[in-house]
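To keep things clear, I will list the structure first and then write my remarks on it.
What you are looking at is a predicted structure, and each value in this text was computed from that prediction instead of being measured.
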Amino acid sequence: MNSLENVLANTGFNQNRRDWMFYVEFFLCAFHELGHLLLGHCEISKKMSLSAIEVNLDNLGIDTSLYQALEMDADFFAVRRLGEKVASMMKFNCIDVFGYHDHEMFYYDTLYGIRAFYYVLTLEEIKEAQRQRNISIQTGLPQKGCQPGEQTHIHPPSLARAYNSGLLFMEHIKKYFRIKGNKKCFNDIFFTADQVFDNYRNILRNVSACS
């Protein structure tokens with residue numbers, strides 16, 4: 001949660017916009033995990049856990065492809081709930097709770113929040129890859145995740161999750177609530193994430209160098 005907040009704290013967005021984007025991040029995080037529970041994912045695993053992720057692979061009892069499908073299913077559950085929340089707030093003009101007076105800005109800041117959530121996961125992937133590289137250097141063994149057929153972790157790539165989630169959000173509220181979005185604007189948000197959130201990445205990079 002600290003990473004979710006810090007990614008936004010080092011951007012040029014004003015406070016009310018950061019507050020809303022953090023709400024989006026928090027919402028996605030919570031409803032992703034609730035999705036695992038409510039969609040029955042936990043019952044598939046031999047060893048039940050709130051999150052299907054945090055269990056020993058020996059006890060998981062499902063292969064990686066199904067596991068990744070469950071992760072995307074939980075993502076999409078969360079994004080649909082977010083779409084319904086956003087549509088409701090726009091319909092009843094509740095966006096002013098977060099200081100918004102422009103529906104369009106509110107809409108696209110939601111997409112920024114979605115992108116910020118997955119940007120944090122991208123940073124976690126980078127940190128894990130760096131850790132595996134350091135282990136490889138220290139032990140002289142091949143780096144985990146860099147050999148044919150190997151994976152650093154079993155989550156779907158965060159970039160794919162971010163892109164698919166953003167598109168699903170737009171399509172969901174367009175289909176059910178007739179609120180249209182601009183795919184070009186979403187692509188701009190998606191592809192400029194490193195520029196928008198790069199201050200935090202630089203901080204992370206400096207910390208890694210010091211340690």
Side-chain angles (χ1 to χ4, degrees), residues 1 3-5 7-8 11-42 50-53 68-122 155-197:
M1 296 311 299
S3 295
L4 294 178
E5 197 165 26
V7 159
L8 296 173
T11 66
F13 298 115
N14 62 36
Q15 185 63 52
N16 74 294
R17 297 177 71 186
R18 292 201 305 267
D19 287 345
W20 170 244
M21 291 177 204
F22 179 73
Y23 179 93
V24 171
E25 291 179 304
F26 187 88
F27 190 102
L28 289 175
C29 185
F31 274 82
H32 172 96
E33 303 305 342
L34 285 171
H36 281 307
L37 183 64
L38 297 173
L39 294 169
H41 297 171
C42 302
L50 177 60
S51 169
I53 303 165
Q68 293 193 344
L70 297 180
E71 287 301 310
M72 293 300 296
D73 195 29
D75 280 350
F76 291 167
F77 175 86
V79 167
R80 290 188 182 101
R81 304 294 79 76
L82 176 64
E84 291 153 10
K85 176 71 172 179
V86 167
S88 176
M89 291 181 69
M90 292 174 74
K91 178 180 179 181
F92 294 104
N93 202 29
C94 295
I95 63 174
D96 57 343
V97 171
F98 286 91
Y100 284 90
H101 304 289
D102 185 309
H103 281 183
E104 188 173 8
M105 178 177 285
F106 180 73
Y107 182 98
Y108 292 111
D109 276 358
T110 304
L111 288 172
Y112 269 115
I114 293 172
R115 189 66 182 94
F117 174 70
Y118 290 103
Y119 192 78
V120 171
L121 300 185
T122 300
H155 282 74
S158 58
L159 282 176
R161 295 172 69 183
Y163 191 75
N164 290 326
S165 294
L167 288 184
L168 177 66
F169 169 80
M170 298 177 72
E171 288 300 318
H172 187 67
I173 62 174
K174 175 185 174 182
K175 178 177 180 180
Y176 292 102
F177 303 99
R178 303 293 188 269
I179 300 173
K180 294 182 179 180
N182 186 317
K183 187 175 179 181
K184 182 182 182 302
C185 290
F186 166 67
N187 285 337
D188 289 343
I189 290 169
F190 180 82
F191 289 112
T192 59
D194 278 335
Q195 299 172 29
V196 174
F197 305 120

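Judged by distance alone, the side chain of Asp73 and the main-chain N or O of Ala69 form no donor-acceptor pair under 3.5 Å. Asn182 places a side-chain N or O within donor-acceptor distance of the main-chain N or O of Cys185, the cut-off being under 3.5 Å. Judged by distance alone, the side chain of Thr192 and the main-chain N or O of Asp188 form a donor-acceptor pair under 3.5 Å. Side-chain atoms of Ser88 do not come within 3.5 Å of backbone N or O of Lys85 as any donor-acceptor pair.
Using modelled atom types and a 3.5 Å distance limit, the side chains of Glu71 and His41 yield no donor-acceptor pair.
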Requested in this report: Evaluate the criterion side chain to side chain contact (heavy atoms under 4.5 Å, CB included) for residue pair Lys183 and Asn187; output intermediate values, then yes/no.
Outcome: CA-CA 6 Å; Lys183 187 175 179 181; Asn187 285 337; 4.1 Å; yes
Requested in this report: Please report the C-alpha distance between Lys174 and Met170 in whole Å, then the side-chain angles of each, then the deciding distance to 0.1 Å, and finally whether the side chain to side chain contact (heavy atoms under 4.5 Å, CB included) criterion is met.
Outcome: CA-CA 6 Å; Lys174 175 185 174 182; Met170 298 177 72; over 6 Å; no
Report task. I would like to know whether Tyr107 and Asp102 meet side chain to side chain donor-acceptor pair (under 3.5 Å); could you show each step before the answer? Result -> CA-CA 9 Å; Tyr107 182 98; Asp102 185 309; over 6 Å; no
Query raised in the report: Step by step, would you call Phe26 with Leu4 a side chain to side chain contact (heavy atoms under 4.5 Å, CB included)?
Result: CA-CA 8 Å; Phe26 187 88; Leu4 294 178; 5.6 Å; no
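Summarising the local packing, CD of Glu104 is surrounded by 12 or fewer heavy atoms from other residues, nucleotides or ligands at distances under 6.0 Å.
The shortest heavy-atom contact between Ala162 and Arg115 is CB-NH1, 4.0 Å. Across all their heavy atoms, Ala116 and Leu8 have their closest contact at CB-CD2, 4.0 Å. Residue Arg17 comes nearest to Tyr100 through the heavy atom pair CA-OH, 3.4 Å, listed as atom of the first residue, atom of the second, then distance.
Taking the six-membered ring for Trp and thresholds of 30 and 60 degrees, Phe197 and Phe13 have ring planes inclined between 30 and 60 degrees apart. A perpendicular orientation is assigned to the rings of Phe177 and His172, their planes being inclined by more than 60° (bins at 30° and 60°). The aromatic rings of Trp20 and Phe98 stand perpendicular to each other, their planes meeting at an angle above 60°, with 30° marking the opposite boundary.
A heavy-atom distance below 4.5 Å is found between the side chains of Leu159 and Phe190. Between Met21 and Phe117 there is no side-chain heavy-atom pair separated by less than 4.5 Å. Between Glu25 and Ile114, every side-chain heavy-atom pair lies at or beyond the 4.5 Å cut-off. Counting heavy atoms from C-beta on, the side chains of Asp194 and Tyr119 come closer than 4.5 Å.
Between Phe169 and Phe186, the gap from one ring centroid to the other reaches at least 6.0 Å.
Judged by the 6.0 Å and 45° rule, Arg178 forms no cation-pi pair with Tyr176. Arg81 forms no cation-pi arrangement with Phe27, by the criterion of a distance under 6.0 Å to the ring centre and an angle within 45° of the ring axis.
Separation of atoms CG (Asn164) and OH (Tyr118) is listed at 9.0 Å; rounding is to 0.5 Å. With rounding to the nearest 0.5 Å, the separation of CE in Met89 from CD in Glu84 is 14.5 Å. Going from atom CZ of Phe106 over to atom CG of Asp109 covers 9.0 Å, rounded to the nearest 0.5 Å. Separation of atoms CD1 (Ile173) and OG1 (Thr110) is listed at 7.5 Å; rounding is to 0.5 Å. Remark: His36 NE2 to Leu70 CG distance equals 7.5 Å, nearest 0.5 Å.
Residues passing the side chain to side chain donor-acceptor pair (under 3.5 Å) test with Ser158, sequence neighbours excluded: Thr122, Glu125. Remark: Arg161 pairs with Asp75 by the side chain to side chain donor-acceptor pair (under 3.5 Å) rule, at least two apart or across chains. Under the side chain to side chain donor-acceptor pair (under 3.5 Å) criterion, Tyr108 pairs with no residue at all, not counting sequence neighbours.
Screening Leu82, Val79, Leu28, Leu111 against Ser165 for a side chain to side chain contact (heavy atoms under 4.5 Å, CB included) leaves a single residue, Val79.
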